[in-house]
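Comments concern the structure below.
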Amino acid sequence: PDKPLWRGEKGKHVALWREQGIGDDIIFLSLVPEVKEMCSSLSVYVDPRLQDLCKHAMPEINFVKDIEALQGVECDYHLPLGSVPGLMRNDIGDFDKTVRGYLKADPQRVELIRNELKLEGKTAIGISWKSFNSLNPLKKSVQLKDMERIFSGLDVVLVNLQYGNVEDEIREFKEATGIDVVQCASVDNREDLDGLAALIEACDLVISISNVTVHLAGALAKKTWVLLNFVPIYYWFLDRPDSIWYPSVSLYRQPTLNDWDSVFVSVSRDLKKELTER
């Protein structure tokens, strides 16, 4: 509280700090390399689960794990992460500077996971279908059983990227459809985000509703298809099939309120085309 807010002053010692959810952390981290270029030194407080990913992707930045560590940082200015876009992105053309793959998965973990799941020579699609920490999770989420219409009859391996206790859903899905969703025993999808990043990197494609999984996949520059409800959160904009934050992400939007059927039809069509062209 005794330091002024940073307004883009050059050559200063700056501290940025998180104030929102982990998905928001990941979005705003895309701007951190640009901020670093403007500063003498930069410290950033993000969710502790992002620490390892951030440190090996941006080793020149001091990532701190909690408020106590942040308070020990010597700085001239500070700013909440959510205010950084107001300084760096004031026109749609500013997004031309967006960096592809500003987070990096650990290549050793990626290889270990590929071996663990026996993915060699197979097409692996990572899936996620629920959002828990949302103002309206039911409008954003879909049922795993409804995803049968996307994957039925396809020669692919489905990899679970969904966090939370979903074992019963996966078992019921297999019993009802005959389609297995492989789970990676070495990764906790909620707590081990370094492992989740490696799991995403091991996949050829990610298909998910809008949640943390999608943000992580976009930050890794993984090819990702997002299933969006009719009125999505602000950073997906409106009427666009692409994401200005994540160049590797494609958006499949409900054309009318609660119309997931149209979304599933579009994704199924494009996936069959994608697999044919491989």
Exercise. Step through the shown structure and confirm whether more than 12 heavy atoms of other residues, nucleotides or ligands are within 6.0 Å of CG on D155.
Key: no

Quiz item: Crowded around E167 CD? As in, over 12 foreign heavy atoms under 6.0 Å?
Solution: yes

Quiz prompt | Enclosure of E175 CD (heavy-atom neighbours >12, cutoff 6.0 Å) | solution = yes

Quiz item: Taking C-beta and beyond as the side chain, do V73 and Y45 meet within less than 4.5 Å on heavy atoms?
Solution: no

Practice problem: Verify the neighbour count for atom NZ of K36: are there more than 12 heavy atoms of other residues, nucleotides or ligands below 6.0 Å? | Solution: yes

Practice problem: Please determine if K55 and D52 form a salt bridge, counting it only when a charged side-chain N lies under 4.0 Å from a carboxylate O. | Solution: no

Quiz item: Is F237 reachable from Y235 through a run of hydrophobic residues whose side-chain heavy atoms are each under 4.5 Å from the next?
Solution: yes

Exercise. Please check if atom NZ in K97 has more than 12 non-hydrogen atoms from other residues, nucleotides or ligands closer than 6.0 Å.
Key: yes

Quiz item: Can W236 be reached from F95 by stepping across I, L, V, M, F, W or Y side chains whose heavy atoms are under 4.5 Å apart?
Solution: yes

Quiz prompt | For E116 against A185, the heavy-atom pair lying closest together | solution = OE2-N, 3.1 Å

Self-check item: Exam field: side chain N189 to backbone N160, donor-acceptor pair closer than 3.5 Å
Solution: yes

Self-check item: Parallel, tilted or perpendicular: ring planes of W17 versus H78, cut at 30 and 60 degrees
Solution: parallel

Exercise. Go through the steps to decide whether F132 and Q162 satisfy the test side chain to side chain contact (heavy atoms under 4.5 Å, CB included), and finish with yes or no.
Key: CA-CA 11 Å; F132 293 95; Q162 179 64 56; 3.5 Å; yes

Self-check item: Closest non-hydrogen atom pair, I200 against T213
Solution: CD1-O, 3.9 Å

Quiz item: Where the side chain of K140 meets the backbone of I209, is there a donor-acceptor pair that is under 3.5 Å apart?
Solution: no

Quiz item: Going through the distances and angles, do D94 and M88 end up as a side chain to side chain contact (heavy atoms under 4.5 Å, CB included)?
Solution: CA-CA 7 Å; D94 291 340; M88 317 295 287; over 6 Å; no

Practice problem: Take S131 and N211 through the side-chain hydrogen bond (donor to acceptor under 3.5 Å, both in side chains) test and state the conclusion after the steps. | Solution: CA-CA 6 Å; S131 174; N211 60 12; over 6 Å; no

Quiz prompt | Distance under 6.0 Å and angle within 45° of ring axis: R7 vs Y77 | solution = no

Quiz item: Would Y246 and L81 show up in the same hydrophobic cluster when neighbours are defined by side-chain heavy atoms closer than 4.5 Å?
Solution: yes

Practice problem: Could you tell me whether a side-chain N or O of N115 sits under 3.5 Å from a main-chain N or O of L112, the two making a donor and an acceptor? | Solution: no

Quiz item: Less than 4.5 Å apart, any side-chain heavy atom of L50 and any of L29?
Solution: yes

Practice problem: Determine whether more than 12 heavy atoms belonging to other residues, nucleotides or ligands lie under 6.0 Å from atom CD of E68. | Solution: no

Quiz item: Is it true that V156 and V267 fall in one hydrophobic cluster, defined by side-chain heavy atoms closer than 4.5 Å?
Solution: yes

Self-check item: Between CG on residue L199 and CZ on residue R114, distance to nearest 0.5 Å
Solution: 10.5 Å

Quiz prompt | Validation row: I113, S186 side chains within 4.5 angstrom (heavy atoms) | solution = yes

Quiz item: Is K3 atom NZ crowded by more than 12 heavy atoms from other residues, nucleotides or ligands, each under 6.0 Å away?
Solution: yes

Quiz item: Is any NZ, NE, NH1 or NH2 atom of the basic residue among R240 and D242 found under 4.0 Å from an Asp or Glu carboxylate oxygen of the other?
Solution: yes

